[in-house]
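This report concerns only the one structure given below.
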Amino acid sequence: MSHDVYQELGERGLIYQSTDADGLRSLLQKSPQTFYIGFDPTADSLHVGSLIPIIVMMHLQKAGHRPIAILGGGTAMVGDPSGKTEMRLMLTPAKIVENGKGIAAQLARFLDFNDDKCRLINNADWLSELKYVDFLRDIGRHFSVNRMLTAESYKQRLETGLSFIEFNYMLLQAYDFHVLCKEQNCRIQMGGQDQWGNIVAGIDLIRRTQSLDAYGITFPLLTTSNGEKFGKTAGGAVWLAAERTSVLDFYQFWRNCEDSELEKLLNFFTFLPVSEIKYLAQLQESGINRAKEILAYEVTALVHGQEAAATAYKTAVSRFGSADPELKIETSSKVRDISLQAAEENLPSLELDQAELETGMTLVDLFIKTGLVKSKGQTRRLIEQGGAYLNDVRIGKDRPITPNDFKENIITLRAGKKRYFQVRLPH
RNA sequence: GGAGAGGUUCCCGAGUGGUCAAAGGGAACAGACUGUAAAUCUGUCGGCAGCGCCUUCGGAGGUUCAAAUCCUCCCCUCUCCA
């Protein structure tokens with residue numbers, strides 16, 4: 001294996017911690033390895049927070065390794081206390097299965113599942129059949145409570161309270177690793193920074209039960225510059241499913257990233273060469289905005305496909321202008337090939353039927369219908385504060401919608417500077 | 001099981017009979033400034049046909065002209081003891 005993936009992941013800043021770095025590196029160089037990452041089936045779609053694990057899987061799969069995605073169907077019923085200050089809600093088994101399906105479909109867009117090159121496994125397969133006494137005897141005896149209590153994830157929770165069910169989470173995750181090692185010859189586990197304790201516990205367990213060396217890598221935690229959770233915007237989390245977060249909103253999320261985050265985000269979320277990213281990240285003024293366009297295009301293309309990304313890009317450029325109209329900035333990104341000549345608009349939209357219009361719908365009603373705002377009060381506030389626009393004209397006060405408001409059967413609504421929505425009439 | 005503390009609007013957190021839709025901070029939203037950034041400043045921030053009504057302070061009852069605030073029961077969390 002010629003390509004040194006470990007090195008590349010490191011250069012991109014994707015490795016926060018790793019066990020036996022040298023050993024792991026040479027292992028990945030020597031032969032194809034099977035590795036796994038767990039995904040929580042807490043929602044039926046993944047959001048941008050899960051993108052890092054996915055991208056790491058992609059990097060490794062490209063390098064010839066075999067990813068296993070573990071759906072935490074069994075562990076989701078227990079609840080991982082890591083990184084949380086409160087006990088989380090438990091999900092019903094049915095809901096977990098349903099969520100798992102949605103996640104599986106999404107993963108298939110990023111990873112090649114053909115010829116067993118990647119697998120998706122639900123840990124409920126083995127966890128739900130565990131016998132308590134057997135488990136305690138075979139697995140539980142390898143864990144020292146004293147040691148567990150020193151784990152950061154538990155330490156925190158000891159302040160506020162930790163239930164026994166959550167306390168067991170570490171054992172279950174360690175057991176996952178143990179099973180995968182045994183049955184799939186999987187020697188490497190990866191996960192978020194907060195998973196370190198759980199991963200290390202698995203490595204220890206494997207050493208004790210199978211006398212094998214296993215390895216772990218954690219990814220850095222993504223936060224905004226003020227330390228908040230990454231991937232939240234006005235509408236809540238930024239999802240990978242287009243039904244939950246429109247492609248344009250998704251694009252805009254990246255386009256509006258903070259300057260200070262740009263280099264990190266390019267490294268994490270795009271496959272552009274590290275050297276190119278260095279160049280892009282040091283650009284100033286409009287250059288930095290071009291770099292953000294590239295970031296937004298690349299990530300959107302990765303998640304929603306090139307065509308949808310190109311459309312989002314064109315829509316954004318037609319609304320806000322291009323940061324580099326003359327294409328002075330060099331990039332290997334395909335965004336360079338997109339012609340802006342035929343810039344078309346493709347805003348999130350919905351169709352309104354004639355009958356509805358005739359019921360005497362007002363602007364406020366329409367804004368709510370688009371989901372741009374949540375309540376009438378909020379809409380009124382928006383209007384009062386001058387943030388509401390109809391066909392790019394600021395609205396002074398609420399009034400009924402008339403057929404004249406439609407231009408070629410289309411009304412363009414806008415909330416604030418950046419959030420657009422189109423309402424169409426059927427023809 | 002015993003003793004104590006506590007559960008407040010998205011989060012943290014004040015409020016202990018009317019002046020409470022509920023201080024303050026954070027987040028969020030809008031505006032100004034900018035580069036569709038950050039920082040800063042200003043405004044908003046339960047719902048509604050807008051100074052009036054409705055819903056909200058763990059849950060259910062009760063006292064009172066009036067309750068987040070008092071009483072009863074219940075649920076949950078934490079701390080200490082057993």
Side-chain angles (χ1 to χ4, degrees), chain A residues 79 81 83-90 156-166 223-238 248-266 280-297 299-300 312-325 329 343 345 347 359-365 367-368 370-389 392 394-400 413-421:
Chain A
K84 297 182 186 68
T85 48
E86 305 213 345
M87 186 155 151
R88 85 177 169 195
L89 294 168
M90 282 192 232
Q156 274 181 21
R157 285 296 301 273
L158 283 174
E159 318 252 318
T160 55
L162 178 70
S163 70
F164 186 66
I165 186 172
E166 291 175 287
T223 51
T224 64
S225 59
N226 1 320
E228 284 138 26
K229 218 180 264 161
F230 180 78
K232 301 275 185 192
T233 59
V238 178
L248 182 64
D249 287 345
F250 186 85
Y251 174 94
Q252 288 291 21
F253 168 74
W254 299 97
R255 171 63 252 256
N256 285 317
C257 75
E258 292 176 31
D259 288 8
S260 56
E261 303 287 301
L262 184 58
E263 180 166 14
K264 194 163 89 182
L265 297 179
L266 282 165
L280 290 173
Q282 52 80 40
L283 295 169
Q284 302 294 319
E285 301 293 317
S286 69
I288 196 167
N289 279 322
R290 179 58 176 170
K292 288 185 187 182
E293 284 177 5
I294 293 169
L295 170 71
Y297 171 79
V299 187
T300 309
Y313 168 68
K314 283 191 269 191
T315 303
V317 166
S318 81
R319 281 282 157 191
F320 303 106
S322 169
D324 181 26
I329 291 162
E345 295 261 313
L347 304 171
T359 58
M361 194 175 232
T362 66
L363 282 168
V364 171
D365 296 330
F367 262 98
I368 291 171
T370 62
L372 243 23
V373 283
K374 290 200 182 75
S375 70
K376 293 195 179 186
Q378 203 179 356
T379 315
R380 237 177 277 125
R381 229 172 283 136
L382 188 73
I383 294 174
E384 274 165 26
Q385 296 179 146
Y389 293 80
D392 288 311
R394 186 175 272 180
I395 298 168
K397 60 175 198 233
D398 193 20
R399 63 170 176 77
L413 293 180
R414 184 172 134 206
K417 274 186 278 196
K418 304 169 210 165
R419 288 153 56 228
Y420 287 89
F421 209 97

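Chain identifiers are assigned alphabetically (A, B, ...) following the order of the sequence lines, protein sequences preceding nucleic acid strands; residue numbering begins at 1 within each chain.
Rounded to an integer number of Å, the gap from CD of A:Glu258 to C1' of B:A37 is 7 Å. Here B:A30 presents its C1' atom at 21 Å from NZ of A:Lys397, a figure rounded to the nearest Å. A straight line from NZ of A:Lys374 to P of B:C48 spans 13 Å, rounded to a whole angstrom. Distance CG (A:Leu262) to P (B:A37): 14 Å, rounded to an integer number of Å. Distance A:Asp259 CG to B:A38 P: 8 Å, rounded to the nearest Å. At whole-Å resolution of the value, OH in A:Tyr389 and P in B:A30 are 11 Å apart. Between A:Ile383 atom CD1 and B:G31 atom P there is a gap of 13 Å when expressed in whole angstrom units. In this structure, A:Lys417 atom NZ and B:U34 atom C1' are separated by 8 Å, rounded to whole Å.
Going from the P atom of B:U9 to that of B:A22 covers 15 Å, rounded to whole Å. With both ends at atom C1', the span from B:G15 to B:G7 equals 15 Å, rounded to whole Å. Nucleotides B:A32 and B:A38, compared at atom C1', are 16 Å apart to the nearest Å. Annotation: B:U34 and B:G46 have their P atoms spaced 31 Å apart (nearest Å). Straight-line distance between the C1' atoms of B:U69 and B:U19: roughly 15 Å, to the nearest whole Å. The C1' atoms of B:A23 and B:C12 are separated by 14 Å, rounded to the nearest whole Å. Between B:C10 and B:G6, the distance separating the two P atoms is 23 Å to the nearest Å. With both ends at atom P, the span from B:A14 to B:A66 equals 30 Å, rounded to whole Å.
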* To do: Verify side-chain contact (heavy atoms from CB on, under 4.5 Å) between A:Lys418 and A:Phe320, making sure each step is shown before the conclusion.
  => CA-CA 9 Å; A:Lys418 304 169 210 165; A:Phe320 303 106; 4.3 Å; yes

- Chi angles and distances behind the side-chain contact (heavy atoms from CB on, under 4.5 Å) call for A:Asp392, A:Tyr420: CA-CA 10 Å; A:Asp392 288 311; A:Tyr420 287 89; 3.9 Å; yes

| Test side-chain contact (heavy atoms from CB on, under 4.5 Å) applied to A:Ile329 and A:Leu280, step by step | CA-CA 8 Å; A:Ile329 291 162; A:Leu280 290 173; 3.9 Å; yes

#### Entry: A:Asp365 and A:Lys376: CA distance, side-chain angles, deciding distance, side-chain contact (heavy atoms from CB on, under 4.5 Å) verdict
CA-CA 8 Å; A:Asp365 296 330; A:Lys376 293 195 179 186; 3.8 Å; yes

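If A:Ser375 and A:Gln252 are placed on RNA chain B by their nearest nucleotide, the residue sitting closer to the 5' end is A:Gln252. Each of A:Tyr251 and A:Arg381 was assigned the nucleotide of RNA chain B with the nearest heavy atom; the assignment lying further toward the 5' end belongs to A:Tyr251.
Pairing for B:C80 is with B:G2, a Watson-Crick or G-U wobble pair whose two hydrogen-bonding atom distances lie under 3.5 Å. As the counterpart of B:A22, no nucleotide is assigned, since no Watson-Crick or G-U wobble pattern has both distances under 3.5 Å.
A:Ala323 pairs by the side chain to side chain contact (heavy atoms under 4.5 Å, CB included) definition with A:Asn289, A:Arg290, A:Glu293, not counting sequence neighbours.
Taking the side chain of A:Gln385 as heavy atoms from C-beta on, and the options B:A30, B:G31, B:A37, the nearest nucleotide is B:A30. Side-chain atoms of A:Ile288 lie closest to B:G35 of the nucleotides B:A32, B:A38, B:G35. Of the candidates B:C48, B:A30, B:A37, the closest approach to any side-chain atom of A:Lys376 belongs to B:C48.
Residue contacts for A:Ala316: at a heavy-atom cut-off of 4.0 Å it reaches a base atom on one of the strands shown.
Between A:Glu261 and A:Lys264 a salt bridge is recorded (basic side-chain N to carboxylate O distance below 4.0 Å).
In this structure the side chain of A:Ile395 never reaches within 4.5 angstrom of the side chain of A:Leu382, judged on heavy atoms.
With hydrogens and angles disregarded, a donor-acceptor distance shorter than 3.5 Å links the side chain of A:Lys292 to the backbone of A:Cys257. In terms of modelled atom types and a separation under 3.5 Å, the side chain of A:Arg414 and the main chain of A:Tyr389 share no donor-acceptor contact.
Contacts between residues 289-296 of chain A and RNA chain B, counted as heavy-atom distances below 4.0 Å, involve A:Asn289, A:Lys292.
Contact check, A:Lys418 against B:G31: no side-chain N or O comes under 4.0 Å of OP1 or OP2.
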